[in-house]
A.B. asks: 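Structure below; questions to follow.
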Amino acid sequence: MIGVGKIKQYTNVLDKPLSKGRQEVSLSGFAYLFSELVQYNQTQVDNIGELEKRLEDAGYAVGVRVLELLCHREKGNRRETRLLGILSFVHSTVWKVLFGKVADSLEKGTEHEDEYMISEKELLVNRFISVPKDMGSFNCGAFVAGVVRGVLDNAGFPAVVTAHFVPVDGQQRPRTTILIKFAEEVLRREARLG
Amino acid sequence: MSSTACFMIISRNDIPIYEAEVGTAPKKEEAAHQHQFILHAALDVVQDLAWTTSAMFLKAIDRFNDLVVSVYVTAGHILLIFVTHTRLMLLHDSRNDDGIKSFFQDVHELYIKILLNPLYLPGSRVTSSHFDTKVRALARKYL
Amino acid sequence: MSKTLTSLASILLLSLCVSAFDKGFSSCNCEIEGFFGNRSNVEVKNNTLDCVNYPSVHLRLLLSAVLFPATATMEPDVSIDTSSIIRIAVLPIGTIHLHLFRKYAGMLGRHHKIELSTITSFYTEHQKSPFSQQPWESGSLKFKFIVGGSPPSPWEDFQSNRKIHGVIGICHCPSSPDLDSVVEQFAAACKGYSSSLVQRCFAFSPGDTQLADGNNKGNKLVLFPPADQRTQEIHLQTMMQDIAASLLMDFEKWVLQAESGGTILKTPLDSQASLSSEEVIKAKKRRLGRAQKTIGDYCLLAGSPVDANAHYSTALELARLTGDYFWYAGALEGGVCALLMDKAVQRDPIIEEEVKYRYNSVILHYRKSFIQDNAQRVSPLSFELEATLKLARFLCRRELAKEVVELLTSAADGAKSLIDASDRLILYVEIARLYGTLGYHRKAAFFSRQVAQLYLQQENSLAAISAMQVLALTTKAYRVQSRASIPKNAVYNDIGPSTADGGKMHHHLVVSLFESQWSTLQMVVLKEILLSAVRAGDPLAAWSAAARLLRSYYPLITPSGQNGLASALNNSAERLPSGTHCADPALPFVRLHSFPLHPSQMDIIKRNHGREDWWAGSAPSGPFIYTPFSKGDSVNSSKQELVWVVGEPVQVLVELANPCGFDLLVNSIYLSVHSGNFDAFPISVTLPPNSSKVISLSGIPTKVGPVNIPGCLVHCFGVITEHFFKDVDNLLLGAAQGLVISDPFRCCGSGKLKTTTVPNITVVPSLPLLVSHIVGGDGAVILYEGEIRDLWISVANAGTVPVEQAHISLSGKNQDSVISIGYEALKSALPLKPGAEVTIPVTLKAWQLGLVDLDNIASKSTSVKATRPLKDASSPMLLIHYAGPVENHGESPESVNALPPGRRLVTPLNICVLQGLSFVKARLLSMEIPAHVGEITENALDGVSADNSSDSSRHAADRLVKIDPYRGSWGLRFLELELSNPTNVVFEVGVSVQLENGSIEDNCSEFDYPKTRIDRDYTARVLIPLEHFKLPVLDGSFLVTNSRSNGDGGKSASFSEKNKKAELNASIKNLISKIKVRWLSGRNSSGELHIKDATQAALQTSVMDVLLPDPLTFSFRLVKDGLEEVEKKDTPSKGPVLAHDMTPMEVLVRNNTKDSISMSLSITCRDVAGENCIEGTNSAVLWSGALSGMKVDVPPLEEIKHSFCLYFLVPGEYTLLAAAVIDDPNEILRARARSSSPDEPIFCRGPPYHVRVDGTL
Amino acid sequence: MAAIYSLYIINKSGGLIFYKDYGLAGRMDTNDSLRLASLWHSMHAISQQLSPISGCSGIELLEADTFDLHCFQSLTGTKFFVVSEPGTQHMENLLKHIYELYTDYVLKNPFYEMEMPIRCELFDINLSQAIQKDRVAYLGR
Amino acid sequence: MQFFGSSEISPSPPLPTASGNNAHMMYVFNRNGVCLLYREWNRPLRTLDSNQDHKLMFGLLFSLKSLTAKMDPSSVEKGNLGVPQLPGQGCSFHSFRTNTYKLSFMESPSGIKIILVTHPKASDLRESLKYIYNLYVEYVVKNPLYTPGTPIKAVRLWEFQSLRLFEGWRRRRTRERPIKSKGKEALTKLHPSTTKLDLQIRKAFPISSGTEVSYSTRLSINTCEASDSM
């Protein structure tokens, strides 16, 4: 995930440098943390919808911060004002920083104009998670979806972002697809900006 | 000579989350209010302008009488807005532009640090006193 | 004169605005449009935002109500085609009511455009028209009705459209009967308008006489005979067409003479100084150009753009030549207008570019024409600005926002160099409107506020009113709008946490969270509103502003400031009629605390037609079961149902908070229920500073149906306001998310409370209501352990409906302590009429106190009498489910199909169990009462018979101490129970044993032993003989013998051990179950003692001895010779044994087992000292026959005798003992003797027999 | 002929939380496997008590006539044991590997309740792969 | 059930393969779980008293047997778990290993269980177990004095032999000790009935001195049929 701070103790957050520390955290450390996150939220809800919502919110908070940080760090203080720009930002920059790799694919929805899909063969958060049958189509990728939504929403592209399992023929594991459905105002603005 | 300047950080939903009168001029209540009103009005212009460029720093996007509004729109559409007197601008126009710009950039960094604080709820007021002092220091440095 | 008129008009317009406020914006909009018909406004209305139209209203207000010296150069809502609009003043004539005037003027307003084609009939061409290319079919004349008229502007020559070309008087005949005076007045009014070419006075609804003489009043007076709307419309239209036509003709005249005549046109801009020579020359030079321009203007007015264009172009030429920039610009403007009129049909980009280009030069030239010397007096600046505004309005579209903004910004820059305050005002208003049109609400609000501030610079109530209203327009942009301006549904539904972005609230939804917004601005705006409202003398507005300020920003206001606001509230309330409602709540903050549940006496339970036992499964507190992962909304699951009953008062707890620094007196607060089936009881509260209080609001549901409680109605600060719970919930939510500065309840030190949602409440028709009390002593029933007591519970129907169903059940702990309930008592009483009462008998049996609560009860037992005993949870509860009639007659019909619910009455039988007779320990005593030789045998023998023939002769005593028929001695085993009596009453303990043989024939053959009395604080022992339980025969059936006799069978042995144990336990159990220890206390209370386990422990060890007879029993007897023995039978006298006499005796050995036993028998005799007197040195007894080691075999269940003789030397007491060693005993014996090792011999010993030997002397 | 007959995982209190059968002959029903598991648990404990030397951690390998039983106990007391063909090699590694899989796909799975039967798709998949690999290795020998 | 009555067996000692072979304890149980013999050579850790210990050990073997019988993958149908099986019935096991010791186990058809607890590194000890069993048959079963099902007290010889077995190993681990010839005479004094197989044993083991003390057992004439009692 986001690089953890230097070992050196600072009296104050504001003194820490924002330099792109390439620190990485251990995967299993994260996995356990995430697992706890999910379990905690599980205790707070009484249906899957809420659980997804909570995970998404958790992700959203990450998204907000990641956006600001990365635009400052990676993009040299340029904002993304265009749809494709922000999408590729999510697909490449954000993914790279969060998951150490660029997302597998970024596609445009075929039937709907306002739908885009980021697909990942094995989402990092889902690597160790197998969802029990009785939870149906629940996908912990909701967290990542939340991150994406956080980034998009704060960059001024409000969208509904959901994570889905999409079975791939020839593999027994479905891949996770993050479906982004932009609000119409975004499309209108795109049209205006030409 | 005295300069009046009002600096604010406006959250995405147009709520000020930080405000500071960083002018050297003696503080006057209604003057401050006036500044804020101007800034509030300027938001309209910004929200259109912000989408025409990908640059963060938009200089002198609006003015009322002799007050000029400069804006720095972060990626998260947090506005760092800023009102100064033209007079001051006129005096040293050449380098003060980038003075303001670098001021904005530094404050932006500070803001990001604030944002990264997990205990800070994005979109809520910035109450950190360190932040305040640092911002004022920057203001003295650049403006 | 004109002054009064205009002020009148202003009032009228004011009323217009105000009315516009209460109506929705759009409605008032069209009204206004209709009123001052001008097209630009219509466009505005169409493309956005109500906010913009208001300034126009104001403007009129401002201009017509001459608040400023009428030196305004600039004009409101000017647009490019303003210069093609003919102005007509509309004046009220005579006395006319405002709204009538308004109505008539409105009718006029619809005719702001007259097609040229329609006026041909009225148009007569006197001479060659100067308007050669007049488009008769396409063209039109446009009018603008200036209500109340306006003073002549100094710039009339420059822009002819500023002239007022016509005057229309409006008079209402009934209110001004004298037409002559009307005519005079009209004439007088018209004097003010020298430039007017046409004057008409419309007199509406004249009487017949007036009609009669009206017609000869000349053509100026037009009478509108009363008719329906349409005809009047038509009449008016024709009138207007007539006016148009005559105007057109007048224009022609004017143009013709203007071409010929040589008047010098001047503007205030030209030096007013006496014409110096070069001035004159210059003027002369410029004259032609200016004339051309003016003619062009007239052409525009006459609606022929082409002519206008021609004239303008020449004018342009001339003006450029003469360097007359001002007029050049003017002509240019006119040209653009003409261009647009020509091609206005479609606005294509080319034209737009053209217009932009030309107007820029217009602006440029206006600026050029700035003359220094008279700058302080007049300046073309206002025209420049006007031009800018015109262009801006022309371009005003979202796409072109950037340019428009630039234009407006530059215009705004111009403001401060404007000389005339009213000009600045107009400028700002226009800018605001344009920004509004652009969708820049905040900009609009900003400039509106500028306007308001300009107003506020006047110490003038009218100005204040205008200011207030302008500010009211800005409130939306600043998000401080009053509730009144929000559509109701928004107030109800939209407010609510929407977790759209990361669980945060959408701010625009949360109206109540002002401080989460830009508080500085909002406070300023509200303060200004308050100020202006106070000045304008609008108490309600003032109150609401103060309320909003106080409620939303108390944390930001100093205590003194808060007090100031409070007094402001009170002051303005004084000037309001009592009972005024205001949409904006002030203090206190009201939040829903909780809905107290029904007291357990009146629980309500749904019942459905299907199940007869609807009470089943409706436990007092059933666990809430939900499927953890069911996709679906959890909303309804969280919202609980609540059922109220008609006519039964209910309570709702709400919490009030007063975070401010002053004492808050809430005159009255009560629930606001919009569904009118509930009447709430108001109460009044006072909240000290910074305090919160939980109060209970009560009320009575009156009609069946759902009840919806959105909030409370509060009468505070002299005004009634409605406080919605939702608002506060949002506020708290915001506080939780750090969006709001402070949580009013928290800062009042009230605890954090999860927001309780208002449950959806349904009111059901009145139900029966049972109340119960325990007959005699409502307190706890005090019982001793195991005590059995009857008590009566009386149940009364306090409701208004009879009880038709009822069912009693138990719940809670120790249910078994209730032995019986008199169901039938209740059943028989059904249906229980209202007011009827029935008593139900209940039999209780106190349970045993556990060791844990034993001591604390003991500690309490002293205080139990004094204080009401605590009803501990250990006592059971009586649940009475009951219900009224199935169909409720008389109630509202729609609730007939729904079955009225039943109810549950919970009657806790709070039983207080005192430690009663306590059981200390039980142990087994075995004693042997020696028998006398010879004496026992007979009754021993018929003791045998006595056993199975129960004759009445023998009394209980010796039945109790029963003699074993086969053993001579009275060998007894007693179970000794040691009981202590810690209480302070006397107990009597009686033991009763029931015999199994009795229980075979008649189950109740049990006899009890004399009662033992145990005094207080004493302990006593009770003996229970166990002899009765002996089995007659010792056989293997009882003892489980391990068949395989190999000693090393490890496991198998253990197995047999195991179920031997089981056997034993079983037998003990049924033994114990036969023993009952009952006690009887002084206070006619009786109970039973619980001794089972204790006795079991006691008997565990020696159960075999208790249950099984010995394998061998011995007994001695004297033998005489046969006959004596016979006669001895009937005289049962104990023949004394004499010393020095040979006494023949015999020992009887009986085999109690089922197989023969071979043994070696031996007999000894002891004296009192226990010395063996047969063997030994000084043997006091001589004997004949074998006494020891004789081998005998005893067949099963038989007895053998062995006779011998004794010769006692010394008289005294002797004891005979028989013993036997059993050779190779079988399993049974071994088991019986509990001999572990197989080979050790089994020794059987008989009981001692006493022999008294009398001396012979 | 497969090298591995079956795999058991027992939680620290002796409850069977995972059982998989690879062998062909002799299916066994759940009750039996449960009982076997708890039996093994106690045997394991007893074997520690019987150790002549301190520091005994229970049975590692049980050599029966027709099979070998390799057992691995994690520090938390979870026991993994495979029943394999007699003389099958490197079962310890296999067990260690399975233990890894367990920590990865079971313990990190938020929907897994500790000490409860393991129903994790991913675990099954990876496990079968591991077993497969092992088998291949076995056949290769 | 088959008899091990024949005295014609010629038990040959197994050549102990694994060096570093170290015996801790030896148990012999009969089918009823009576510990006929318990010897220990090296047992620093003793948690329970001996009785408990035997019980535990027997229980362990008992249930392990049923476990293995149940788990046996080769046989299709298996008896119910926990029902006691006849000796030799069902799949049994011959050893298990912990990190601290190795337990080798054999059960005779007559239900005699011989348990050897050795160093975990010890190799397959099935042969030695069988040998011990033979010794048991020879010198215990055939010992007239011995009443079956009772702990083996009298029969020094056999025990001594089996002891020797491990002594031998131990010695092999250290250094060979020279054989005292004194043992021979001792043996020749023996009762004729025992000499024969004793010679066998002599063949089997070099016997050191101080052992013939154990031969002061007076033999009584009456026979005991040990073999059918089990």
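First the proteins, then the strands, lettered A, B, ... as listed; each starts at 1.
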A.B. asks: First locate atom CZ of E:F96, then atom CG of D:L69, and finally report the distance between them rounded to the nearest 0.5 Å.
C.D. replies: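 Going from CZ on E:F96 over to CG on D:L69, the span is 11.5 Å.
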A.B. asks: Which heavy atom in D:E63 sits nearest to a heavy atom in E:S95, and how many Å separate them?
C.D. replies: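 Residues D:E63 and E:S95, closest heavy atoms: OE1-OG, 2.5 Å.
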A.B. asks: Taking all non-hydrogen atoms of both residues, which atom of D:S47 and which atom of E:L60 are closest, and how far apart?
C.D. replies: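 Looking at all heavy atoms of both residues, the closest pair is CA-CD2, 4.4 Å.
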A.B. asks: Rounded to the nearest 0.5 Å, what separates atom CE in E:M57 from atom CD in D:Q49?
C.D. replies: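 If we round to the nearest 0.5 Å, E:M57:CE and D:Q49:CD are 11.5 Å apart.
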A.B. asks: Working to the nearest 0.5 angstrom, can you tell me the gap between E:Y27 OH and D:L50 CG?
C.D. replies: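 If I round to the nearest 0.5 Å, the distance is 5.5 Å.
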A.B. asks: What is the minimum heavy-atom distance between D:S51 and E:T100, and which atoms define it?
C.D. replies: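 The answer is OG-OG1, 3.0 Å.
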A.B. asks: Measure the CG-CE distance between E:L61 and D:M43 for me, rounded to the nearest 0.5 Å.
C.D. replies: 9.5 Å
A.B. asks: Would you indicate whether the side-chain heavy atoms of E:T98 and D:Q48 approach each other to under 4.5 Å?
C.D. replies: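 The answer is no; the side chains never approach within 4.5 Å.
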A.B. asks: Got D:F67 and E:M71 here, is their nearest side-chain heavy-atom distance under 4.5 Å?
C.D. replies: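 They are in side-chain contact.
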A.B. asks: In Å, rounded to the nearest 0.5 Å, how long is the span from NZ of E:K70 to CG of D:L36?
C.D. replies: 7.0 Å
A.B. asks: Take E:R97 and D:I59 through the test side chain to side chain contact (heavy atoms under 4.5 Å, CB included) and record every step on the way to the result.
C.D. replies: CA-CA 6 Å; E:R97 174 164 58 72; D:I59 306 181; over 6 Å; no
A.B. asks: Quick check on E:M25 against chain D: is it the side chain, the backbone, both or neither that has a heavy atom closer than 4.5 Å?
C.D. replies: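 The side chain, not the backbone.
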A.B. asks: Taking side chain to side chain donor-acceptor pair (under 3.5 Å) as the definition, give me every residue that meets it alongside D:S33, ordered by chain and number, with sequence neighbours left out.
C.D. replies: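 Per chain and number, D:S33 pairs via side chain to side chain donor-acceptor pair (under 3.5 Å) with no residue.
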A.B. asks: For D:S57, is there any backbone N or O sitting under 3.5 Å from a side-chain donor or acceptor partner on E:N99?
C.D. replies: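 Confirmed, E:N99 side chain pairs with D:S57 backbone.
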A.B. asks: Taking all atoms of both residues into account, what is the closest heavy-atom pair of D:A64 and E:C91, and its distance?
C.D. replies: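 Where D:A64 meets E:C91 most closely, the heavy atoms are CB-SG, 4.0 Å.
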A.B. asks: List the residues meeting side chain to side chain donor-acceptor pair (under 3.5 Å) with E:K102, not counting sequence neighbours, and say none if there are none.
C.D. replies: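 Applying side chain to side chain donor-acceptor pair (under 3.5 Å) to E:K102 gives none.
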A.B. asks: Taking every non-hydrogen pair under 4.5 Å, which of D:I46, D:L61, D:D68, D:N31 racks up the most with chain E?
C.D. replies: D:L61
A.B. asks: Report the C-alpha separation of E:H24 and D:I53 in whole Å, then their side-chain angles, then the decisive distance to 0.1 Å, and conclude whether the side chain to side chain contact (heavy atoms under 4.5 Å, CB included) test is met.
C.D. replies: CA-CA 9 Å; E:H24 291 293; D:I53 313 172; 3.6 Å; yes
